[in-house]
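Written below as structure tokens is the structure these notes are about.
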Amino acid sequence: MSGTVSGLLTIGLLLALLAVCYHPLGAWMAHVYGDTRHWRVERVLYRLVRVDPDSEQGWRTYAVSVVAFSVVSILLLFGLILVQLRLPLTQGSQGMGATTALNTAVSFVTNTNWQSYAGEVGATPIVQTVGLTVQNFVSAAVGMAVAVALIRAAARRSARDIGNFWVDLVRGSVRILLPIAAVAGVVLLVGGVVQNLSAPETVKALAGGDQVIRGGLVASQEAIKELGTNGGGYFNANSAHPFENPNAVTNLLEIFLLLLIPFALTRTYGILVGDRRQGWALLGFAGVLWAAGVAATTASEVAASGGLGGAMEGKEQRFGLWASTLFAASTTGTSTGAVNSMHESYSPLGGGTVLTTMVLGEISPGGVGSGLYGILIVAILAVFIAGLMVGRTPEFLGKTIGRREVTCAALYILVMPILVLVFTGLSLVLDGPRSTMLASGPHGLTEVMYAYASGSNNNGSAFAGLTADTPWYNLTLAACMVLGRFVPMLLVLRLAGLLVEQHPRPATAGTMPTHTPRFVGLLTGVALIVAGLTFFPALALGPIAEALS
Amino acid sequence: MSSSNTRQLLAALRMFVVLTVLLGGLYPAAIWGVGRLGLSHQADGSRVERGGVVVGSSLLGQNFTDDRHFQGRPSASEYAGDVSGGTNLYASAQDQQKALADRRAAYAAANGGAAAPADALTASASGLDPDISPENAMAQAPRVARANGLDRGAVVDLVRDHTEGRTLGFLGEPRVNVVELNLALDQLVAR
């Protein structure tokens, strides 16, 4: 069997698995966020936390809760990392400096999981498990909560409240993420992913010399790392490490997990707004972009495999080209950032494609929750542009997109490109940051731009040749991660506050439908044009120049 | 700060603690417990033993350098196992072009002029890749047989026995686990 046939069959099996879960999971999530009853374990949680699960919040209170929870998470995780070497079970870890610790705390709370430390030496098992595994869950649950709040606002009529953040957070964690992660964790364990508390053991290797065999509670973290589109590896090599991703089956499972919720949430959306065709349209849009990313990345690497080295630098033999590029396009398209191959070693166009997938704004299909609200922002922009063209007041799901609504959407779109381009530019003109680049010329530009695109989009993958563990990169990337996560999130909640107050207008013959293939085409066009106008010059100087030289 | 914001912060603090117990304590402990119940081989890192002594893991490649053993892929860390990772070199980098050319020449010299397959020229992403391609193993078989004074056919048979196809016929790449192959090779030599 050729690599092409095996690769296509792998993609086919992946799509079949996703299709089978699409309806049940989408419907389950719609039920979870709409349920009026609480599970017993949830009641216990609410009592301990002393929140009233039956009261609802307006957009301001909801936003304050999101910010309060995130600030507390960042501060406590930062503190835990700073004192990690004074706690038990250090197992030879060297810990992290202050700027690295701050970067890491921000990174995991913002669902980015950029890592300027190497997992093996930077984090003790206590930080990995009690600190980072927890944020893998809750940062994902926060993203879903904000997405669901926006959907509720779009669906409700002349209301004020958009839900209760604490309830959405708990339900996302307990009813959606935890059960799936538990099953996936056990499957990964069966496949060979390690789960132990052993200290690193130095053995006399068969080959002669010493080899260190490391341990860790990896299976439990690996499962939620993919499911929650987080991506922070237990080990430095991330999902390329055989203890995180030992074989072709675990590899397929990991790709499946990172696409599972972002795609299924389009179904949840369709159900919650009472028109499933709306969900199909968003699925079509995200699916087309994802498929294009997979096709372009794979084609680039297959074309490069004719050269000496066969494009296998930075790829694992058990995965080969296709299962590596499928992972790469999916991890950058979902804002996960886990890697099973080293993106810096990709061909110019292969590396350029995964970078482009990020600067689209993480909408193919994007991270859990954040992908869905990112797509909805593009949809609002699309109806606004279409409205301008025909001279009608733009509407989305019957709600008027007026000046204030479109301002929120426009600001949302502007945040990420500003962060990426300003900080990439600064890093290139300042001597210090420039000196820690591995590459020079166009590849060097791509390396730095990739870092800021990854941080600002809360992706977390890297062109790992860049030595990013310096105060400059730690602090500027932390700023990008915080601003790239919470400014858009607050704008989404503000938008929710505007939409929820409106009474929907009945659809007329002149209303532009937002469920048709034509609308999917319009959405795709808007997404590509916005990203193209913003990033084409930078991409031309980076990957495109490298490919042409 | 208004009292309502203070209330939210305190709720956030309590929520953080409660969810940490559940998701950072009970959940990993439960998966760990499953590992203890009959999956301890995998949970502990798929260790391989020789004469009752652990000599590595079947999931982690090793730095085989002598002619008597099958050699794994180049590694950024020489399979030390302390910190994993790749070289991050890209095809057009001068260092990389030189490394590829040097490895191709060395491979041909060691293996009777054989052309090196891609996996023999390139470093893996983890630096711990335990596998090589079947073509790579076959090309090394004559050298390994000669260095150990073994019959070439016996070594080729050994490679064939250790060649794994794609899982389910289509997932992943065909491969030979170098650690397991060399373990079996050592047993063959000792007989």
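Convention: sequence-line order gives letters A, B, ...; per-chain numbering from 1.
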Are [X] and [Y] close enough that some pair of their side-chain heavy atoms sits under 4.5 Å apart?
X	Y	result
B:Leu22	A:Val174	yes
B:Glu173	A:Arg318	no
B:Phe170	A:Leu8	no
A:Val203	B:Glu49	no
A:Met312	B:Arg73	yes
A:Lys204	B:Val55	no

To the nearest 0.5 Å, tell me how far [X] [atom1] sits from [Y] [atom2].
X	Y	atom1	atom2	value
B:Tyr90	A:Phe463	OH	CZ	10.0 Å
B:Trp32	A:Ser220	CH2	OG	12.0 Å
A:Leu217	B:Ile31	CG	CD1	10.0 Å
B:Ser126	A:Asn238	OG	CG	11.5 Å
B:Leu89	A:Glu344	CG	CD	8.5 Å
A:Leu206	B:Leu183	CG	CG	5.5 Å

Which residue out of [options] racks up the most heavy-atom pairs below 4.5 Å with chain A?
options	answer
B:Ser40, B:Ser57, B:Ser46	B:Ser57
B:Ala120, B:Gly38, B:Gly86, B:Pro28	B:Pro28
B:Val18, B:Asp129, B:Asp44, B:Leu171	B:Asp129

Passing candidate, side-chain contact (heavy atoms from CB on, under 4.5 Å) with A:Gln211, options B:Asn63, B:Leu128, B:Asp82: B:Leu128
If I measure from the heavy atoms of chain B, does [X] come under 4.5 Å with its side chain, its backbone, both, or neither?
X	answer
A:Arg214	side chain
A:Leu252	side chain
A:Ala439	both
A:Val186	both
A:Trp166	both
A:Leu75	neither
A:Val170	side chain
A:Leu9	both
A:Glu546	side chain
A:Phe235	both
A:Ala205	both
A:Gln128	neither
A:Val51	side chain
A:His241	both

Would you check, one step at a time, whether the test salt bridge (Lys or Arg N to Asp or Glu O under 4.0 Å) holds for B:Arg47 with A:Glu201? CA-CA 11 Å; B:Arg47 290 160 189 237; A:Glu201 185 184 346; 2.3 Å; yes
Just say parallel, tilted or perpendicular for the rings of B:Tyr27 and A:Phe137, cut-offs at 30° and 60°. perpendicular
Top of [options] for chain B proximity - count of heavy-atom pairs under 4.5 angstrom:
options	answer
A:Lys315, A:Met342, A:Glu316, A:Arg50	A:Glu316
A:Thr133, A:Val190, A:Val249, A:Leu321	A:Val190
A:Leu197, A:Thr61, A:Asn251, A:Ile224	A:Thr61
A:Val44, A:Leu132, A:Leu76, A:Asp210	A:Leu76

Locate the shortest heavy-atom distance separating [X] from [Y]; write the atom from each residue and the value.
X	Y	answer
B:Thr87	A:Leu438	O-CD2, 4.4 Å
A:Asn340	B:Ala125	O-CB, 4.2 Å
B:Thr122	A:Gly309	CG2-O, 3.4 Å
A:Leu189	B:Gln42	O-CB, 3.2 Å

What verdict does the side-chain contact (heavy atoms from CB on, under 4.5 Å) test give for B:Met15 and A:Leu169, after you've listed the backbone C-alpha separation in whole Å, the side-chain angles of each residue and the deciding distance to 0.1 Å? CA-CA 10 Å; B:Met15 186 63 90; A:Leu169 173 70; 3.8 Å; yes
If I measure from the heavy atoms of chain A, does [X] come under 4.5 Å with its side chain, its backbone, both, or neither?
X	answer
B:Pro130	side chain
B:Ala80	backbone
B:Thr167	side chain
B:Asp95	neither
B:Arg7	neither
B:Ser92	side chain

Sorted by number, residues from residues 131-138 of chain B in contact with chain A (heavy atoms, under 4.5 Å):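 Residues in range: B:Asp131, B:Ile132, B:Ser133.
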Test side-chain contact (heavy atoms from CB on, under 4.5 Å) on B:Gln8 and A:Phe69 and set out the steps. CA-CA 8 Å; B:Gln8 295 268 28; A:Phe69 185 68; over 6 Å; no
Worked check of side-chain contact (heavy atoms from CB on, under 4.5 Å) between B:Gln97 and A:Leu308: CA-CA 9 Å; B:Gln97 290 175 345; A:Leu308 189 59; over 6 Å; no
Looking only at side chains, do B:Gln96 and A:Glu313 share a donor and an acceptor under 3.5 Å apart? yes
Give a yes-or-no answer on whether the side chains of B:Ser124 and A:Gln317 include a donor-acceptor pair shorter than 3.5 Å.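 There is no such pair (donor and acceptor under 3.5 Å, judged by atom type) between the side chains of B:Ser124 and A:Gln317.
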Please walk me through it: do B:Leu59 and A:Phe243 pass side-chain contact (heavy atoms from CB on, under 4.5 Å)? CA-CA 7 Å; B:Leu59 293 179; A:Phe243 280 177; 3.9 Å; yes
State whether the side chain of A:Asn236 and the backbone N or O of B:Ser84 hold a donor-acceptor pair below 3.5 Å, judged by distance alone. yes
